[in-house]
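Report on one structure; see the data block that follows.
Just so it is clear, the model here is predicted, and its values are computed rather than measured.
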Amino acid sequence: MMSATNAQNQGKKILPPKLNPGDTVAIVATARKNITDNLKPAIKLLESWGLKVKIGSSIGLDYNQLAGTDQQRAADLQEQFDNPNIKAVWCVRGGYGTVRIIDKIDFTAFKKNPKWLIGFSDVTVLHNHLNNLGFASIHGLMPLNVATASPAAVESLRKCLFGQPLQYEIPTDSESQLGAAEGEFVGGNLSILYSLLGSVSQVNCDNKILFLEDLDEYLYHIDRMLMNLKRCGCLSKLKGVVVGGMTKMKDNEVPWGKNANQIVAEHLEGLNIPVVFDFLAGHISDNRALILGAHAKLTVSKDKTVLRFD
């Protein structure tokens with residue numbers, strides 16, 4: 001692992017140490033509540049990789065929609081970040097609530113002893129906050145999704161955690177824009193990215209490759225959120241865009257007139273950067289792991305798209 005000083009001097013994000021058999025992964029709830037019974041597949045998976053599991057105190061708590069009060073969820077996450085024996089923190093599910101605790105977390109111990117943070121959807125709050133602090137994290141499936149995840153998605157998470165090379169090759173969609181780019185890989189859930197604008201956790205788009213995905217949104221909401229990213233100068237500074245699952249999109253009685261991919265393409269028109277649609281990540285069973293904050297190379301050619309993380 002690159003030292004913090006060297007990484008900061010070179011403007012690079014710090015990748016936490018890879019896991020080894022015998023290491024411990026903590027499962028926590030930073031947002032919506034979760035029972036313990038549905039964690040059996042995730043626990044079995046981690047143990048099959050030779051890892052130990054710690055169930056955080058937020059699991060099983062019930063405070064309306066949330067996994068306990070803000071103070072309880074923050075205390076659990078803080079404990080796992082501060083514990084040097086915990087080598088990765090796996091968020092159990094998304095929903096809503098992570099933004100309510102982000103400003104309660106002290107990252108002092110994390111900076112001295114970085115560890116992998118894993119999750120997607122609402123966990124985008126933590127991803128972007130950690131990326132802005134100088135650390136990489138894993139956008140990938142969560143314990144709640146293990147039972148329904150594709151084998152490829154599961155394997156991609158294992159590769160990330162154990163420091164193995166990560167590269168994806170998929171057919172190029174007809175809507176994609178050809179080209180090549182390299183740079184830091186950032187992003188996550190579009191709705192969350194939109195909600196973080198103007199805060200210390202907002203996404204930094206300068207010379208980055210941006211990943212976007214979303215679930216259960218009205219198409220005009222997608223347009224509104226992209227308009228904001230465009231107007232604040234984010235989109236014009238990008239080197240490339242990877243669009244994952246735009247899942248279960250909704251429309252009004254009077255149609256918006258474009259699907260989610262077409263809306264994204266419209267707002268990126270004229271930028272002359274590579275853009276790939278329907279990438280294998282997001283609210284889908286084949287949710288491949290991505291390393292947010294890592295350096296990546298994106299090549300979109302006529303026949304295939306290749307995304308490689310260094």
Side-chain angles (χ1 to χ4, degrees), residues 31 93-96 119-125 127-128 138-142 144-145 148-150 152-153 156 168-179 181 185-197 203 205 208-232 234-235 238-269 271 273-290 292 296 298 300 304-305 307:
R93 65 178 301 166
Y96 170 75
F120 73 107
S121 194
D122 193 63
V123 185
T124 297
V125 175
H127 288 311
N128 280 273
I138 298 174
H139 181 284
L141 67 93
M142 295 186 282
L144 184 67
N145 313 122
T148 57
S150 71
S156 68
Y168 301 113
E169 183 176 311
I170 64 172
T172 298
D173 184 272
S174 60
E175 295 177 307
S176 296
Q177 299 297 314
L178 307 186
F185 197 84
V186 300
N189 180 267
L190 174 59
S191 297
I192 300 300
L193 296 174
Y194 170 74
S195 73
L196 295 176
L197 291 174
V203 64
C205 294
K208 306 295 197 306
I209 298 174
L210 178 66
F211 169 73
L212 299 172
E213 65 85 29
D214 219 322
L215 169 74
D216 198 29
E217 281 288 349
Y218 278 95
L219 292 171
Y220 83 91
H221 287 182
I222 298 295
D223 186 77
R224 178 167 60 192
M225 292 185 285
L226 286 165
M227 278 299 309
N228 199 358
L229 287 174
K230 186 175 185 177
R231 295 187 69 223
C232 75
C234 175
L235 301 185
L238 293 172
K239 285 190 171 183
V241 176
V242 176
V243 181
M246 288 293 184
T247 309
K248 296 181 181 179
M249 294 290 107
K250 299 181 291 190
D251 208 349
N252 300 96
E253 184 176 346
V254 178
W256 179 251
K258 294 182 175 69
N259 63 34
N261 287 352
Q262 291 169 335
I263 295 170
V264 175
E266 179 185 25
H267 288 289
L268 298 176
E269 190 173 351
L271 294 183
I273 58 175
V275 181
V276 60
F277 294 98
D278 298 326
F279 195 80
L280 304 175
H283 288 81
I284 55 178
S285 62
D286 199 8
N287 182 18
R288 307 291 179 91
L290 306 168
L292 299 174
L298 173 67
V300 186
K304 64 181 180 179
T305 292
L307 176 64

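Within the model, atoms CG of L235 and NE2 of H267 stand 8.0 Å from one another, a figure rounded to the nearest 0.5 Å. Residue D286 holds its CG atom at 5.0 Å from CG of L280, rounded to the nearest 0.5 Å. L210 contributes atom CG, which lies 5.5 Å from atom SG of C234 (distance to the nearest 0.5 angstrom). Taking OH from Y168 and CG from L290, the interatomic distance works out to 6.0 Å, rounded to the nearest 0.5 Å. Note: I209 CD1 to L307 CG = 7.0 Å, rounded to the nearest 0.5 Å. For the atom pair CG of L268 and CG of L226, the computed distance is 7.5 Å after rounding to the nearest 0.5 Å.
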Take L196 and N128 through the test side chain to side chain contact (heavy atoms under 4.5 Å, CB included) and record every step on the way to the result.
-> CA-CA 9 Å; L196 295 176; N128 280 273; 4.2 Å; yes
Side chain to side chain contact (heavy atoms under 4.5 Å, CB included) between L292 and F185: does it pass, once the steps are laid out?
-> CA-CA 5 Å; L292 299 174; F185 197 84; 3.7 Å; yes
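Closest of all the heavy-atom pairs between V300 and S176 is CG1-CB, 4.1 Å. For A289 against S156, the heavy-atom pair with the smallest separation is N-OG, 2.9 Å. Of all heavy-atom pairs spanning L219 and W256, the tightest one is CB-CB, 4.1 Å. The minimum heavy-atom distance linking D223 with E266 is given by the pair OD1-OE1, 4.2 Å. The shortest non-hydrogen separation linking M249 to A260 is CG-CB, 4.0 Å.
The shortest side-chain heavy-atom distance between Y220 and N252 falls under the 4.5 Å cut-off. When side chains are defined from C-beta on, K250 does not count as touching E217, because their heavy atoms never get closer than 4.5 Å. With a 4.5 Å cut-off on side-chain heavy atoms, I192 and D122 count as touching. Residues L298 and V242 have side chains in contact (heavy-atom distance under 4.5 Å, counting atoms from C-beta outward). Contact of the I284 side chain with the E213 side chain is not registered, since no non-hydrogen atoms from C-beta on lie closer than 4.5 Å. With contacts defined as side-chain heavy-atom distances shorter than 4.5 Å, the pair L197/L229 qualifies. Residues M246 and N261 form a side-chain contact, since some pair of their non-hydrogen atoms from C-beta on lies under 4.5 Å apart.
Using a 30° and 60° split on the angle between ring planes, H139 and F211 fall in the perpendicular class, above 60°. Using the six-membered ring where Trp is involved, Y218 and H221 have ring planes that are perpendicular, over 60° apart on the 30 and 60° scheme.
Scored by the side-chain hydrogen bond (donor to acceptor under 3.5 Å, both in side chains) test, D214 finds N189, S191 as partners (sequence neighbours excluded). Residues satisfying the side-chain contact (heavy atoms from CB on, under 4.5 Å) criterion with L215, sequence neighbours excluded, are T247, K248, H283.
Counting only distance, with no hydrogens or angles, the side chain of N287 and the backbone of A153 share no donor-acceptor pair below 3.5 Å. Judged by distance alone, with hydrogens and angles left aside, the side-chain atoms of T172 form a donor-acceptor pair with the main-chain N or O of T305 at under 3.5 Å. In this structure, N228 contributes its side chain and M225 its backbone to no donor-acceptor pair below 3.5 Å. Not one N or O on the side chain of Y194 forms a donor-acceptor pair closer than 3.5 Å with the backbone of I222.
For K304, the NZ atom sits in a loose shell: 12 or fewer heavy atoms of surrounding residues, nucleotides or ligands are nearer than 6.0 Å.
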